[in-house]
Amino acid sequence: CKGGNFLMKKFVTLFTDSSKELKSVRTLTTMAMLAAVAVILGFFSIEYGQFIRIGFSGIPNGIISYLFGPVVGGIFSGALDILKYILKPTGPFCPQMTLVTFLAGVLYGCFFYKKKMTIWRVLAAKFTVMLICNVFLNTICLTVIYGQAFAAILPARALKNLIMWPIDSVIFFAVTKLLEQIGLFRLFRKPAVAKSL
């Protein structure tokens with residue numbers, strides 16, 4: 001029981017500490033800068049065959065969640081989703097998908113905030129977001145928008161996400177480790193000792 005209370009307190013602290021990050025000018029300027037980077041990266045992608053599409057615009061979302069936690073990560077991801085749609089509309093706007101994107105930012109924050117970045121942590125985070133947000137919730141949104149049967153589009157979406165899971169994970173891990181090694185992250189956040197679970 002004590003262990004459960006400790007874990008719950010630690011989990012809640014992630015959100016309270018992350019919400020405090022919003023009071024920092026450094027946080028807001030970093031969000032604005034990485035939002036601009038994400039918009040630019042959104043115009044570039046590498047496609048190979050039917051299932052492989054490597055995009056880079058999602059990297060800033062994960063970095064914000066890593067630096068500032070689930071609250072900031074969720075707000076950033078949701079707001080950026082709306083901004084991207086305004087700048088480059090693709091199909092009808094779906095508020096539910098923006099909420100799913102918000103949830104993805106929250107989940108990344110729960111996995112990454114104040115934690116040591118490892119490939120296994122990235123794989124676990126990407127798999128969780130892939131399963132809950134991309135495969136399940138986004139597929140439900142698509143069935144509502146286009147009227148397609150859930151079971152009809154689920155297999156192809158699940159296969160595509162499963163193929164992209166290790167690719168996206170390795171790219172994100174490599175980018176974050178590189179930025180960490182050159183000391184860029186130290187400019188964006190308050191000094192803190194990374195902790196691993």
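Each residue takes its place number in the sequence, starting with 1.
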Hydrophobic cluster membership, [X] vs [Y], 4.5 Å side-chain cutoff:
X    : Y   : result
I64  : I82 : no
I86  : M31 : no
I145 : Y85 : no
V39  : L28 : yes
Y113 : F11 : yes

Go through the structure and list residues passing ring pair (Phe, Tyr, Trp, His ring centres under 6.0 Å) with F150, not counting sequence neighbours. none

How long is the straight-line distance from [atom2] of [Y] back to [atom1] of [X], given to the nearest 0.5 Å?
X    : Y    : atom1 : atom2 : answer
F127 : N161 : CZ    : CG    : 10.5 Å
I63  : F185 : CD1   : CZ    : 4.5 Å
T27  : I75  : OG1   : CD1   : 11.0 Å
D168 : I163 : CG    : CD1   : 11.5 Å
F15  : D17  : CZ    : CG    : 11.5 Å
L107 : F102 : CG    : CZ    : 10.0 Å

Hey, does [Y] have a side-chain heavy atom less than 4.5 Å from the side chain of [X]?
X    : Y    : result
I167 : V170 : no
L142 : M97  : yes
R26  : T30  : yes
R121 : K116 : no

Are any side-chain N or O atoms of S18 and backbone N or O atoms of V72, one a donor and one an acceptor, separated by less than 3.5 Å? yes

In sequence, state the C-alpha distance, the side-chain angles, and the governing distance for N134 and L131, and then conclude on side chain to side chain contact (heavy atoms under 4.5 Å, CB included). CA-CA 6 Å; N134 299 351; L131 186 64; over 6 Å; no

What closest approach, in Å, do [X] and [Y] show between heavy atoms, and which atom pair accounts for it?
X    : Y    : answer
A38  : S57  : O-CB, 3.4 Å
F173 : T118 : CE1-C, 3.5 Å
K177 : M117 : NZ-O, 3.7 Å
V122 : F112 : CA-CE2, 4.0 Å
K126 : Y108 : CD-OH, 3.3 Å
R157 : V135 : O-CG2, 4.4 Å

Got a sec, which pairs hit side-chain hydrogen bond (donor to acceptor under 3.5 Å, both in side chains) with one end in residues 71-81, sequence neighbours left out? N61-S77, D81-T98

Ring center gap for F111 and Y66 short of 6.0 angstrom: no

Does atom CZ of F136 have more than 12 heavy-atom neighbours from other groups under 6.0 Å away? no

